[in-house]
Amino acid sequence: MKILVINCGSSSIKYQLFDAKMKQVMAKGIVQKIGQDDSSLRQETGQATLQRELPILSYRDGFELILQSLLDKKHGVMKDLSEITAVGHRAVHGGEKFFQSTIITEEVIQKIEEYAPLAPLHNPVNLMGIREAMRILPDITHVAVFDTAFHQTMPPKAYLYALPYEYYENNKIRRYGFHGTSGKYVSQRAVELMKLPVENLKMVVCHLGSGITVSAVSGGKSVDASSGFTPLPGVMMGTRSGDIDPGLIFYLNRQLGLSPEHIDSMLNREGGLLGVSGVSNDMRQIIDNAERGNKRCRLAMEMFTYQVKKYIGAYAAAMGGLNTLVFTAGIGENSPLIRAMICNKLEFLGIELDEKMNNEALDKEQFISAASSKVKVLVIPTNEELMIALDTLALA
Ligand code: AMP
């Protein structure tokens, strides 16, 4: 019994094949630069790596190549397509309709299409992947796992913007929250590791990657999230500005004459770590340069960690307490320095790090709080693909 997990990006298809019984990855790979001159596939199994450079003109070509590679006599991991029991698809925006993963039907496809304006960079390519996979594997179950679903438990006081109410009623303008598949996986692992009844847990999950969502998870349910109607707000990210005064947009437009497209690009692609540092959107390079004396890189690190700190404090207040703090995703899993800067001076909230454990926790599950810390602090590597596989298995 095998589950294929698919994550379609703007010109790529990432995939993993899971052995459903063992919950283990048998093969993982990526088709990149679809439709470009230098398209390629890379697939890794425990035994071998398959690398192919060849024209991949469309998602359809991409899927056919993925299945060929999984079936490849030398580099593959299965003999027949019938070994695949179900396909789990990452879908970004499920609006208010999908509060959990769901078997894909024509109606589900229509809804994902309907929500495309809410996630124009993601939903259309997610759909393209779903359609192609269903065409090639028509007789098995396909499941959509939505990034927004985990946050559908937020109460109205957390998800509503103070706009005229009819914009919520008629246009569904509200906070949705993103990185929910990661949030769900990590918070479930934290519940297992904390060995406390889930209803007692007041948790802040810091998903700190190139995209960022800090979420408040009370009793295992998301009750607030820093990302919003789009993934743009919250903490500054690799290239996204995070929270700004919305009045700035009018100023940039009316006083400085910048077009809406220019402002959109500035906020989404030219801001964040890149915008402040002028050097990179990659936290590793920001840290390296800051250590070599670059003041703007140092400033970017200080702004970043200050903003995460503020969300932790806000969510502790929102939940009426805090006993679990989790770091995940590229920066959260790999940077003891950033974690230490975030937790510095949060002793008043009961957060104390153990320096040695923090320094040792690199890309592995580990408690990093001191024995005396009232709040348990954990590093938990996220695994969105496994979460998608588990949800798919449950429905299939
Ligand atoms: P993700 O989107 O989860 O892949 O995370 C990407 C981010 O993680 C980038 O900003 C990387 O610079 C950052 N990252 C990865 N490894 C490290 C590391 N060792 N130290 C600091 N940041 C890291």
Side-chain angles (χ1 to χ4, degrees), residues 5 7-10 12 14-16 28-30 32 42 44 90 92 121-122 147 150 177-187 189 205-215 225-227 231-232 234-242 268-292 294 296-308 326-344 353 355 357-366 368 378-388:
V5 171
N7 179 358
C8 278
S10 58
S12 69
K14 287 189 197 152
Y15 64 99
Q16 291 196 11
K28 66 175 171 186
I30 182 165
Q32 294 190 86
R42 183 181 170 84
E44 288 169 18
R90 175 170 186 238
V92 167
L121 301 182
H122 297 105
D147 253 14
F150 178 61
F178 293 85
H179 304 107
T181 308
S182 169
K184 182 174 170 188
Y185 173 78
V186 167
S187 58
R189 278 301 296 148
V205 175
C206 301
H207 176 109
L208 312 178
S210 29
I212 290 178
T213 294
V214 180
S215 43
S226 62
S227 42
L232 180 56
V235 174
M236 62 192 276
M237 314 185 199
T239 60
R240 293 182 207 136
S241 65
N268 277 295
R269 287 184 280 280
E270 297 157 38
L273 295 173
L274 177 65
V276 175
S277 70
V279 169
S280 173
N281 61 351
D282 187 314
M283 186 58 98
R284 281 165 294 202
Q285 289 196 32
I286 300 286
I287 295 173
D288 271 5
N289 281 277
E291 282 169 353
R292 282 192 261 116
N294 184 310
R296 272 171 55 188
C297 285
R298 182 73 206 170
L299 176 63
M301 284 169 71
E302 281 170 4
M303 286 171 66
F304 180 89
T305 51
Y306 175 71
Q307 293 180 10
V308 178
V326 185
F327 288 103
T328 193
I331 302 171
E333 290 164 24
N334 294 298
S335 180
L337 174 61
I338 295 292
R339 294 191 298 247
M341 286 174 73
I342 291 168
C343 294
N344 183 33
L353 286 193
E355 195 182 333
M357 291 206 290
N358 181 37
N359 288 337
E360 282 170 7
L362 297 174
D363 194 22
K364 63 175 179 180
E365 282 185 356
Q366 184 159 325
I368 58 170
L378 298 96
V379 173
I380 303 181
T382 193
N383 195 338
E384 287 159 300
E385 289 77 15
L386 178 59
M387 193 72 252
I388 295 173

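Whatever order the structure lists ligands and atoms in, that order sets their numbers, starting from 1. For the single chain, residues carry numbers from 1 onward in sequence order.
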> Does D282 reach ligand 1 with a nitrogen or oxygen that is under 3.5 Å from one of the ligand's nitrogen or oxygen atoms?
Replying inline: yes
> Would E333 and T328 count as a side chain to side chain donor-acceptor pair (under 3.5 Å) if you check the C-alpha gap in whole Å, the side-chain angles of each, and the deciding distance to 0.1 Å?
Replying inline: CA-CA 5 Å; E333 290 164 24; T328 193; 3.2 Å; yes
>> Show the atoms of ligand 1 that are less than 4.0 angstrom away from any heavy atom in A329.
In response: 3 (O)
> Less than 3.5 Å between some nitrogen or oxygen of G209 and one of ligand 1, yes or no?
Replying inline: no
> Nearest protein heavy-atom contact for atom 13 (C) of ligand 1: which residue, which atom, what distance?
Replying inline: I331 CG1, 3.5 Å
>> So if I count the atoms of ligand 1 from 1 in the order they appear, which ones are less than 4.0 Å from some heavy atom of S335?
In response: 20 (N), 21 (C)
>> Which residue and atom name correspond to the protein heavy atom nearest atom 20 (N) of ligand 1, and how close is it?
In response: R284 CG, 3.6 Å
> Looking at atom 9 (C) of ligand 1, what's its closest protein heavy atom, distance included?
Replying inline: M283 N, 4.2 Å
> Are more than 12 heavy atoms from other residues, nucleotides or ligands located less than 6.0 Å from atom CD of E270?
Replying inline: yes
>> Determine whether H207 and T213 satisfy the following criterion, side chain to side chain donor-acceptor pair (under 3.5 Å), listing intermediate values before the conclusion.
In response: CA-CA 5 Å; H207 176 109; T213 294; over 6 Å; no
> Regarding Q32 and S12, is there a side-chain donor-to-acceptor distance under 3.5 Å anywhere?
Replying inline: no
>> Looking only at protein heavy atoms, which one is nearest to atom 3 (O) of ligand 1, and what is the separation?
In response: G330 N, 2.9 Å
>> How far is atom 6 (C) of ligand 1 from the closest protein heavy atom, and which atom is that?
In response: S210 N, 3.6 Å
> Taking C-beta and beyond as the side chain, do P231 and R240 meet within less than 4.5 Å on heavy atoms?
Replying inline: yes
>> Can a side-chain donor-acceptor contact be found between D147 and T181 if the only test is distance below 3.5 angstrom?
In response: yes
> Does any N or O in the side chain of R339 come within less than 3.5 Å of the main-chain N or O of F327, such that one atom is a donor and the other an acceptor?
Replying inline: no
